[in-house]
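This report refers to the structure that appears directly beneath it.
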Amino acid sequence: MSLSFSRRDFLKGMAVACAMVTAGCAPKRDTQQGPVGTGEADKWVKGVCRYCGTGCGVLAGVKDGKIVAVKGDPDCAVNKGRLCVKGILLPKIIPTKDRVLHPLIKKDGKFVEASWDEALDLMVSKMKEVLASDGPDALGFYGSGQTFAEETYVAQKMMRAGIGTNNIDGNPRTCMASAVAGFISTFGEDEPSGTYADIEEADTFFLIGSNLAEAHPVLFSRLVDRKNSNPNVKIIVCDPRKTRTCDIADYFVQFTPSRDLALMNSMAQVIIADGLTNEGFIERHTEFLKGKGEKQSYEEYKAFLQDYTPEKVEAAVGVPAATIREIAHLFADPNRKTMSMWCMGLNQRTRGVWANNLVHNLHLLTGKICSPGNSSFSLTGQPSACGSVRETGGLSHLLPAHRMAANAKHREELAKIWGIDPARMPSKPGYHTLGMFKAAVEGKLKFLWVMCTNPGHSLPNLEYYRPGMEKTFMVVSETYHPTRTSELADIVLPAAIWMEKEGVYGNGERRTNHLAKAVDPPGEARPDLDVLIEVTKRLGYEELVPFKTPEEVWKEYQQCQEGTAMKLASYDRLRKGHGFTWPVPDDNSPETYIRYARPWDTHVKEDAPDGIEFYGRPNGRAVIWARPQVDAQEMPDSEYPFFLTTGRILEHWHTGTMTFNVPELKNAVPEMYVEIHPDDAARLEIADGDLVDVISRRATCNLKAKLNGRGQPQKGLVYVPFHDPVHERMINRVLLDAFDTASKQPEYKVCAVNIQKHQG
């Protein structure tokens with residue numbers, strides 16, 4: 001069927017109940033009127049949006065020392081002047097009533113204001129005490145994909161080269177770790193080969209595990225534009241729940257939760273059986289491995305797929321065999337270009353890495369990769385999950401520039417740059433996120449520094465982990481207080497936010513972009529980078545932090561990139577430009593559109609077959625994996641007969657510390673809810689708006705029922721957005737804390753619950 005959507009149709013479908021939304025989201029530069037704020041700005045300062053991993057460029061309007069307006073940067077290739085409603089309302093996250101203006105220390109169960117010296121003296125003395133009594137692995141640092149790259153770089157250097165532990169992890173472990181492991185296990189290198197520019201080149205879009213319309217609205221608007229520009233464009237959306245993204249789908253494939261592995265294996269079986277493979281590409285550029293990394297032949301892989309013919313899996317997957325065949329043919333059509341996009345729906349799973357591998361498999365079997373419009377593309381959730389964690393070494397097993405902590409050569413390379421004995425750097429990976437907070441529960445982690453994130457709200461199975469945060473000595477660097485984490489802290493340090501400081505973000509398409517400082521932070525709030533440097537010095541590691549500015553940190557970080565394919569632009573170039581997709585070999589070279597392929601990627605050997613080389617792997621070949629269907633760890637049963645899945649909505653972001661401070665966003669959706677299929681609701685005598693208990697083996701949440709809202713789950717599935725900070729509605733309390741054994745990423749998308757009308 002043919003679908004056509006105007007930009008205004010798109011905006012109406014996305015609108016919140018506030019008058020400025022149409023202006024704020026308008027894709028055309030000349031239709032973006034009236035940035036939020038009062039009065040005309042004295043100057044406009046270049047930055048990046050503070051929210052999702054899209055990485056929209058923004059211009060902050062400054063008047064009388066305050067940010068009074070924001071508009072989209074027309075010269076940024078990501079958004080070309082567009083902004084979603086959250087972006088256009090960014091000025092309102094700054095002058096909030098709950099800003100932390102002074103350091104706080106908890107005394108006798110209550111927070112009292114303190115001087116910076118008093119707070120840092122207490123913090124550092126506690127760190128030294130724990131180091132002396134329990135050793136370096138009793139300390140931990142938990143960071144964020146919202147910090148600047150310079151901040152995470154210094155934090156991991158302090159922990160590894162100073163304290164001597166790899167106990168540094170961050171919230172990208174909860175959202176993107178499976179994508180990391182998926183890229184590395186398939187291609188040998190992390191992060192996508194293509195960029196957002198593939199949206200304007202592709203004919204077929206395969207969206208799975210992503211509600212693009214609400215989680216990445218500006219990218220969704222680009223997709224709408226692409227569909228409207230060419231009647232030949234077709235969109236496949238695979239999701240257990242009907243979302244706003246499905247409104248533009250030519251095929252909405254509603255599958256049984258956690259059965260997408262079988263669905264994609266079935267598509268691969270059809271592609272091979274019906275002669276839709278690119279045999280030359282397979283022969284020259286791939287190899288086949290089994291689940292345990294054992295080599296297998298192409299014929300053995302074909303035999304493996306015989307258990308996944310559409311007829312064999314249609315009942316379990318919940319999708320008719322004919323539909324599986326149709327979408328497989330559309331994906332593989334040699335006359336079309338195919339772009340896949342996915343996000344948390346695949347990553348936040350106990351088999352998230354495998355799900356990522358299977359998307360890559362479809363592209364490798366068809367050769368639909370490494371050319372314009374052909375891309376397997378993982379979307380990111382935070383503004384700098386890539387640039388500030390995956391690239392800088394902000395996870396317990398990583399080092400800067402995609403190096404590995406367990407690799408002796410990698411440790412030696414960094415030790416030389418840092419001027420230290422390699423023996424000072426630990427080889428054993430530290431605690432991953434759930435391991436770190438479990439260690440706090442068990443009393444093994446005695447000190448924890450949390451920066452720019454809210455694990456007291458965002459972790460799964462919260463009732464288990466929150467007591468550990470309260471028990472360990474915890475320092476929280478935070479802009480707002482109280483949050484569900486800062487309320488458990490011993491010290492709260494006031495943090496500058498967004499363009500109250502200078503730094504660098506790196507978005508989901510490998511685009512590194514600079515944020516200039518536009519205004520001073522209020523009160524005694526400081527940039528986290530300054531605090532990290534000060535604490536490192538007070539610990540006695542002055543030689544590790546000879547930095548006075550973010551640019552000096554960046555220059556050292558660039559040294560870490562030498563000898564790798566992850567070279568980033570210089571600070572001078574970043575300041576002048578509007579973002580660059582790496583690798584950027586030097587300041588005179590263009591940014592790289594497509595990796596692993598000439599003419600774009602100069603790291604590819606000139607004599608590589610077809611100009612393609614997956615140089616992250618020793619033999620230059622990408623892997624096609626045999627990954628069998630494995631259900632989620634917790635499936636519905638007679639006691640807990642419903643699937644529960646969680647996610648986001650347009651108006652709010654993460655744990656709501658910013659968006660619930662914006663009146664227009666809070667008024668639009670003041671509390672979270674549980675979506676229930678109308679047939680399930682009728683059977684349980686639940687009406688729209690009734691208070692409902694969502695009950696798991698771990699906890700119960702009380703939420704109002706929504707029967708015919710913006711999204712509709714299939715029968716037997718309920719959906720809850722996770723943004724709400726109110727204890728009774730914090731759905732993460734209900735979730736289990738299973739995780740992918742390869743990526744250590746927690747399962748947020750599938751667990752078993754019961755629902756009933758609230759009896760209280």
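We count residues from 1, following the sequence as given. Everything numeric here is computed off the predicted structure, so don't read it as measured data.
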Would L207 and L223 count as a side-chain contact (heavy atoms from CB on, under 4.5 Å) if you check the C-alpha gap in whole Å, the side-chain angles of each, and the deciding distance to 0.1 Å?
CA-CA 11 Å; L207 308 183; L223 183 57; 3.9 Å; yes
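- Every residue two or more places apart in sequence or in another chain that forms a side-chain contact (heavy atoms from CB on, under 4.5 Å) with P372 is listed here: E201, Y593, I594, W600.
- Applying the salt bridge (Lys or Arg N to Asp or Glu O under 4.0 Å) criterion to E509, with sequence neighbours excluded, gives R511.
- N356 and N347 share a side-chain donor-acceptor pair at under 3.5 Å.
- To the nearest 0.5 Å, the span separating OG on S193 from CD on E191 amounts to 11.5 Å.
- Between the side chain of W554 and the backbone N or O of A569, at least one donor-acceptor pair lies under 3.5 Å.
- In this structure, K242 places its NZ atom where only 12 or fewer heavy-atom neighbours from other residues, nucleotides or ligands lie under 6.0 Å away.
- Using a cutoff of 4.0 Å between basic side-chain nitrogens and carboxylate oxygens, D203 and K368 are not scored as salt-bridged.
- Taken to the nearest 0.5 Å, the OH atom of Y480 stands 12.0 Å off from the CG atom of N454.
- For the side chain to side chain contact (heavy atoms under 4.5 Å, CB included) criterion with M451, the lone passing option out of V476, L532, T152, L493 is L532.
- For the 3.5 Å distance criterion, the side chains of S371 and N374 qualify, holding a donor opposite an acceptor.
- No side-chain N or O of D601 forms a donor-acceptor pair with one of T592 less than 3.5 Å apart.
- In the model, R241 has no side-chain atom that pairs as donor or acceptor with a side-chain atom of T645 under 3.5 Å.
- Taking the six-membered ring for Trp and thresholds of 30 and 60 degrees, Y51 and W653 have ring planes more than 60 degrees apart, a perpendicular arrangement.
- Partners of D42 under the salt bridge (Lys or Arg N to Asp or Glu O under 4.0 Å) rule, at least two apart in sequence or in another chain, are K63.
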Go through E500 and I67 one step at a time and tell me if the side-chain contact (heavy atoms from CB on, under 4.5 Å) criterion holds.
CA-CA 9 Å; E500 295 173 350; I67 297 179; over 6 Å; no
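- Atom NZ of K576 is separated from atom NE2 of H514 by 12.5 Å, given to the nearest 0.5 angstrom.
- Here the rule is side chain to side chain contact (heavy atoms under 4.5 Å, CB included) with F220, and of N211, T245, D225, T54 only T245 fits it.
- Residues H578 and D73 bring a donor and an acceptor atom of their side chains to less than 3.5 Å of each other.
- Residues D98 and T96 bring a donor and an acceptor atom of their side chains to less than 3.5 Å of each other.
- Applying the 6.0 Å contact sphere to NZ of K337 captures more than 12 heavy atoms from other residues, nucleotides or ligands.
- Evaluation of the ring-ring contact (aromatic ring centres under 6.0 Å, His included) rule for H457 yields no partner, not counting sequence neighbours.
- In this structure, a donor-acceptor pair under 3.5 Å is absent between the side chains of Q561 and W582.
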Test side-chain contact (heavy atoms from CB on, under 4.5 Å) on R222 and R82; report intermediate values, then the result.
CA-CA 10 Å; R222 287 179 64 169; R82 315 175 193 208; 4.0 Å; yes
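- Between Q146 atom CD and T453 atom OG1 the span is 6.0 Å, to the nearest 0.5 Å.
- Side-chain contact of H363 with S340: a donor-acceptor pair under 3.5 Å is present, judged by distance alone.
- Considering all non-hydrogen atoms of both residues, F206 and C238 come closest at CE1-SG, 3.6 Å.
- With values rounded to the nearest 0.5 angstrom, M341 atom CE is found 9.5 Å from D198 atom CG.
- Once rounded to the nearest 0.5 Å, the distance linking SG of C56 with CG of N507 reads 9.0 Å.
- With sequence neighbours excluded, no residue forms a salt bridge (Lys or Arg N to Asp or Glu O under 4.0 Å) with E524.
- With sequence neighbours excluded, the residues satisfying side-chain contact (heavy atoms from CB on, under 4.5 Å) with S384 are S388, Y505.
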